[in-house]
Visitor: 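What follows is a structure written as structure tokens; I'll ask about it next.
For the numbers below, each heavy atom of this structure counts, side chains included, while hydrogens, waters and symmetry mates do not. When a ligand or atom number is given, it counts from 1 through the structure's own listing order. Throughout, residue positions are numbered sequentially from 1 according to the sequence presented.
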Amino acid sequence: MNAPVLPVRLDFAPPRHDWTLEEVEGLFEMPFTDLVFRAAEVHRRGFDPTELQISQLLSVKTGGCPENCGYCSQSQHFKTATVASKLMAAEAVIAAAREAKAGGAQRFCMGAAWRDLKDRDVPRVAAMISGVKALGLETCATLGMLTPSQAAALKTAGLDFYNHNLDTGPDYYDQVVTTRTYQARLDTLTAVREAGISTCCGGIVGMGETRRDRAGLLHQLATLPAHPESLPINDLMPIPGTPLGGSTPVDPLEFVRMIAVARLVCPKSVVRIAAGREHMSKELQALCFLAGANSIFVGGRLLTTNNPDRNTDEALLADLKMRPMGTKLSETV
Ligand code: SAM
Ligand code: DTB
Ligand code: SF4
């Protein structure tokens, strides 16, 4: 079979926002080695390929969420092992962020199991953000849907990034969640962007979606008015008790393709291997870094599930001779 004509311009053209779904699908169909090679070339134009952006998550409010996202341990629609808890005190969050920084995190991401942010919670969330920022960390939050005025308040508090995922392509979305529309997600992203906060937006693979759905997600991201500054690709962490808990895992090479296509269509975005590293070999992660991934979560825990522990990740970075983004060689051991 002939390789499809590569619809990627490998010159120094600015990022495109006019990708068609067929073009994005065409990238997925490329021979694997061609795809990874092209993605690695584009990666090197925009980034030092030996550097990784390092983020750490904390669930600041866990469980009891009214939404029915079929992958999530925190939805009150499903019986899972996750124990619900109230919004943490700002001081406790700031103490956790201090530890994360000492452990090497560059960005601290605060997640809450909310459908949307309530105005009554804004002062405490703002105190968390400003306290974390004062430690010299980048700040990120993921709190559900936001209004434009709430986004402005979070910006004033010092929020650098807001995570709000599209999760999957628009055609598969209804199979995953029905309590919130795709358009509502896009509206929150608009509010975030217009408040001057950087967007962190990606999705999940391994939920039973097709390759066209995966291309559909990346097509949506690549045709936004501004590409997300951070682009997390989550490999589903299957949660017993959720509708998607028994999904067939996505083939590891397909995960690499997802990373490579994300790198090609959003060449300036920092692409994260988000959830799922816990069950990935170091060879698979290395292939993802070659294909353009340049961010990870560290610290042993995501929101309610496990992540590789710090020692494992330090060994991974040492093996691969990679280092945290923006650090000089002399700053690493
Ligand atoms: N409640 C907020 C919301 O959904 O807008 C913020 C927190 S929510 C847990 C953030 C994102 O984590 C989801 O959009 C989804 O992409 C990802 N996520 C949640 N559970 C996951 C799982 N089991 N495996 C992989 N990714 C997951
Ligand atoms: C993102 O894309 N992945 C993170 C973060 N943004 C909030 C969350 C992953 C959650 C994995 C399942 C859990 O730990 O509950
Ligand atoms: Fe709630 Fe977020 Fe989980 Fe959906 S992903 S159920 S909105 S916590």
Visitor: Heavy-atom pairs closer than 4.0 Å: do any link ligand 3 to the side chain of Ala113, the backbone, both, or neither?
Guide: both

Visitor: One thing to verify: whether Arg185 and Asp167 come together as a salt bridge, which I'm taking to mean a side-chain N less than 4.0 angstrom from a carboxylate O.
Guide: yes

Visitor: Does Arg185 reach ligand 1 with a nitrogen or oxygen that is under 3.5 Å from one of the ligand's nitrogen or oxygen atoms?
Guide: no

Visitor: Under 3.5 Å, is there a donor-acceptor pair linking the side chains of Asp119 and Gln150?
Guide: yes

Visitor: Could you list the atoms of ligand 1 found under 4.0 angstrom from a heavy atom of Ala275?
Guide: 25 (C)

Visitor: Measure Arg115 to ligand 3 on non-hydrogen atoms and call it side chain, backbone, both or neither using the 4.0 Å cut-off.
Guide: neither

Visitor: So which of Thr62, Leu143, Asp116, Leu303 gets nearest to atom 9 (C) of ligand 1, if we judge by its closest heavy atom?
Guide: Leu303

Visitor: May I ask you to decide if Cys201's main-chain N or O and His164's side chain share a donor-acceptor pair within less than 3.5 Å?
Guide: no

Visitor: Are Arg323 and Thr50 linked by a side-chain donor-acceptor pair shorter than 3.5 Å?
Guide: yes

Visitor: Within less than 4.0 angstrom of ligand 1, does Gly144 place any heavy atom?
Guide: yes

Visitor: Would you mind running through ligand 1 and noting each atom that sits below 4.0 Å from a heavy atom of Trp114?
Guide: 1 (N), 2 (C)

Visitor: List ligand 2 atoms under 4.0 Å from Asn165, heavy atoms only on the residue side.
Guide: 1 (C), 2 (O)

Visitor: Would you mind telling me if ligand 1 is within reach of the side chain of Ala112, the backbone, both or neither, using heavy atoms under 4.0 Å?
Guide: backbone

Visitor: Using a strict 4.0 Å threshold on nitrogen-to-oxygen distance, state whether Arg107 and Asp160 make a salt bridge.
Guide: no

Visitor: Do you know the tightest heavy-atom contact between Pro243 and Gly70?
Guide: CD-O, 3.3 Å

Visitor: Starting from atom 24 (N) of ligand 1, locate the nearest protein heavy atom and write down its residue, its atom name and how far away it is, to 0.1 Å.
Guide: Met237 N, 2.9 Å

Visitor: What about Tyr71: any of its N or O atoms under 3.5 Å from an N or O on ligand 1?
Guide: yes

Visitor: Yes or no: does Tyr71 have any heavy atom under 4.0 Å from an atom of ligand 2?
Guide: no

Visitor: Where's the contact between Ile239 and ligand 2, heavy-atom distance under 4.0 Å: side chain, backbone, both or neither?
Guide: neither

Visitor: What part of Asn234 sits under 4.0 Å from ligand 2 if we count only heavy atoms: the side chain, the backbone, both or neither?
Guide: side chain

Visitor: Kindly state if atom 26 (N) of ligand 1 has a protein heavy atom within a strict 4.0 Å cut-off, that is, under 4.0 Å?
Guide: yes

Visitor: Please list the nearest protein heavy atom to atom 3 (Fe) of ligand 3 with its residue and the distance rounded to 0.1 Å.
Guide: Cys72 SG, 2.3 Å

Visitor: Considering only protein heavy atoms, which is closest to atom 12 (O) of ligand 1, and at what distance to one decimal place?
Guide: Asn165 ND2, 4.3 Å

Visitor: Give the numbers and elements of all ligand 1 atoms closer than 4.0 Å to a heavy atom of Leu236.
Guide: 24 (N), 25 (C)

Visitor: Work out which heavy atom in Leu284 is nearest to a heavy atom in Val256; give both atom names and the distance.
Guide: CD1-CG2, 3.4 Å

Visitor: At under 4.0 Å between heavy atoms, which part of Thr305 makes contact with ligand 2: side chain, backbone, both or neither?
Guide: both

Visitor: From atom 16 (O) of ligand 1, work out which of Leu117, Ile239, Asp167 has a heavy atom at the shortest distance.
Guide: Asp167

Visitor: Check ligand 2 against Thr304 and write out every atom of the ligand that is under 4.0 Å from a heavy-atom position of the residue.
Guide: 13 (C), 14 (O), 15 (O)

Visitor: On a heavy-atom basis, which atom in Asp18 and which in Glu23 lie closest, and how many Å separate them?
Guide: O-OE1, 4.0 Å

Visitor: With a cut-off of 2.8 Å, does any N, O or S atom of Cys69 fall short of it relative to atom 4 (Fe) of ligand 3?
Guide: yes

Visitor: Enter the distance from Thr181:OG1 to Leu186:CG here, rounded to the nearest 0.5 Å.
Guide: 8.0 Å

Visitor: Is it the case that Glu209 and Thr168 place a side-chain donor and acceptor less than 3.5 Å from each other?
Guide: no

Visitor: Give me the nearest non-hydrogen protein atom to atom 1 (Fe) of ligand 3 as residue plus atom name, then the distance to 0.1 Å.
Guide: Cys65 SG, 2.3 Å

Visitor: Can you find an N/O atom of Asp235 closer than 3.5 Å to an N/O atom of ligand 1?
Guide: no

Visitor: Where on Asn234 is there a heavy atom closer than 4.0 Å to ligand 1, on the side chain, on the backbone, on both, or on neither?
Guide: side chain

Visitor: Mark the output for Arg180 as yes if a heavy-atom distance to ligand 3 is under 4.0 Å, and as no if none is.
Guide: yes

Visitor: Which option out of Met110, Arg180, Lys61 puts a heavy atom nearest to atom 3 (C) of ligand 1?
Guide: Arg180

Visitor: Is Asn163 close to Thr199 at the side-chain level, that is, under 4.5 Å between some pair of heavy atoms?
Guide: no

Visitor: Under 4.0 Å from a heavy atom of Glu67: which atoms of ligand 3 are those, numbered in the order shown and with their elements?
Guide: 1 (Fe), 4 (Fe), 6 (S), 7 (S)

